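What follows is one structure encoded as structure tokens, with my remarks underneath.
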There are 2 protein chains.
Amino acid sequence: MTDLLNHFAQYIKVSDYLKEELTKRIAFKSFAKGEVLHSADRICTKSYFIQKGLLRLYFLKDGKEISEYFSCEGDWTNSPRSFIQRKIDLYYIDAIEQTDVYIVEVQDLMFLFNNFPEMERYARLSMGSTFGYLIERITSMRFTTAKEKYQHFCEVYKGIHHRIPLGMVASYLGITQETLSRIRAEK
Amino acid sequence: MTDLLNHFAQYIKVSDYLKEELTKRIAFKSFAKGEVLHSADRICTKSYFIQKGLLRLYFLKDGKEISEYFSCEGDWTNSPRSFIQRKIDLYYIDAIEQTDVYIVEVQDLMFLFNNFPEMERYARLSMGSTFGYLIERITSMRFTTAKEKYQHFCEVYKGIHHRIPLGMVASYLGITQETLSRIRAEK
DNA sequence: CTTAACTTTTGACCTAAATCAAAAAATCAC
DNA sequence: GTGATTTTTTGATTTAGGTCAAAAGTTAAG
């Protein structure tokens, strides 16, 4: 729980009362490598904070798994539109490695938003930083060669890019496995 | 001011006191076609809510203007990372058409966040809907032909896509003007 | 260990879209 | 309205990266 409380403390002051409510409402769970945390046939009602490990958000296109993005230690993840709008969406979440997470249910999160204005602030601030990442990625997708896309990926996922299998990286970048393999070979 | 208050009312209850503070802190201004609202050499301290017209966020790459996205009636716009992190960023904002906007300064927005928890909530909710748009766009950038990218653009900017010059659309999609012109011609 | 099932690499060939170039059309300024 | 500038279209050529196919490595299970 300490990791998660420290994470909140980076954005807001965590009072004893808030700490107590957080502890009461947040569960802990472990997933084995390859396990599916969330499936596209259900509404995503949980948000996962990664204590250790690596998760992947992906969807199926013509039967193939296309990786949307990866999340590691210190990140929150969920199926965004499903979680926010409470509807079915096309994303799956699975574990690339053995992964330990803290889990919060959407109704508990709503309770926290309703009773702790500082949690609204936390959500606003942490969303803000994700924004920059998404905009940069859109730029990187448009005006760069496959090689530059891969370099950008290595920067963004510095420290964890080697933990992600090549095929998943290729679909994340929107290039083929073969092309990515050739890029890696040449340097 | 009515348009803007109605916009807030879609997400939160706007009390008389909040209405009063909003009115006090929000300015109105008109820009001619082609006028630059924000330039990359300064920190973006203003956020613009479009009452009428069409704005564009863009940056320069090798001396060419690359459009990041477009905003119209009912949208907020600013230079996101500059506004959020209070630092210089590479984006410009200009008016594609004659445009009328409401303007809020970052310090006034902070005052509102500090004094009206419902404004934090408004920010969280309205950001949430932009999220879905960005993720969908990333997907659209990766796995589609130039023609599909253009079709996706027309859907997302339904109703306003014809108001945006071809060259700007091409740079938004990350394809050349020539290719876009050919796509338009064929149907 | 050994076999089976993935994952990654290598090779040959092809296609969508980029580049270069110039004409046609639209918009703007006086 | 007329000439000048900007935007869009059309044409010829090139190229990065895709597709298809098969071999080589790697990982997992019994």
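For clarity, every value in this text was computed on a predicted model and none was experimentally measured. In what follows, chains carry the letters A, B, and so on, assigned in the order in which the sequence lines appear, proteins first and then strands, with residues in each chain numbered from 1.
Here B:K149 lies out of heavy-atom contact (under 4.0 Å) with every strand. Within 4.0 Å (heavy atoms only), A:I175 reaches sugar-phosphate atoms of the nucleic acid but no base atom. Across all strands shown, B:G34 has no heavy atoms under 4.0 Å from either base or sugar-phosphate atoms.
Salt-bridge formation is detected for the pair B:K24/B:E21: a Lys NZ or Arg NE/NH1/NH2 atom is positioned less than 4.0 Å from an Asp or Glu carboxylate oxygen. Salt bridge annotation for A:K33-A:E97: absent, with no cationic side-chain nitrogen under 4.0 angstrom from a carboxylate oxygen. Note on B:R163 versus B:E73: salt bridge recorded, some NZ/NE/NH1/NH2 to OD/OE distance being below 4.0 Å.
Atom NZ of B:K64 is separated from atom C1' of C:dA18 by 11 Å (rounded to the nearest Å). For A:M168 and C:dT8, the CE to C1' distance is 14 Å, given to the nearest whole Å. Taking atom CD1 of residue A:I96 and atom C1' of nucleotide C:dT7, one finds them 14 Å apart after rounding to whole Å. A:Y150 places its OH atom 19 Å from the C1' atom of D:dA16, with the value rounded to the nearest Å. Between the P atom of C:dA18 and the CD1 atom of B:I183 lies a distance of 8 Å, rounded to the nearest Å. Rounded to whole Å, the distance from CG on B:L166 to P on D:dT10 is 12 Å. In this structure, A:L180 atom CG and C:dT8 atom C1' are separated by 10 Å, rounded to whole Å. Atom pair B:L173:CG and C:dA18:P shows a separation of 10 Å (rounding to whole Å applied).
For B:S181 and D:dT9, the shortest distance from a side-chain N or O to OP1 or OP2 is below 4.0 Å.
Of the candidates D:dT8, C:dT8, D:dA28, D:dA28 carries the atom nearest the A:K33 side chain, counting heavy atoms from C-beta on. Side-chain proximity of A:Q177 to the nucleotides D:dT8, D:dC20, C:dT8 is greatest for C:dT8. For B:A185, counting side-chain heavy atoms from C-beta on, the closest listed nucleotide (D:dT10, D:dT8, D:dT19) is D:dT10. Picking from D:dT9, C:dT8, D:dT19 the nucleotide with the shortest atom distance to the side chain of A:P165 gives C:dT8. In the set C:dA18, C:dC28, C:dT10, C:dA18 carries the atom at the smallest distance from any side-chain atom of B:T179. Of the listed nucleotides (D:dG17, C:dT8, D:dA28), D:dG17 has the atom at the smallest distance from the side chain of A:A146.
Between B:T176 and A:E178, the residue anchored nearer the 5' end of DNA chain C, judged by the nucleotide with its closest heavy atom, is A:E178.
Listed here is the closest heavy atom pair of A:M119 and A:L22: CE-CD2, 4.4 Å.
When ring centroids are compared, A:F116 and A:F8 stay outside the 6.0 Å threshold.
Donor-acceptor pairing under 3.5 Å, judged by distance alone, is present between the side chain of A:R182 and the base of C:dG11.
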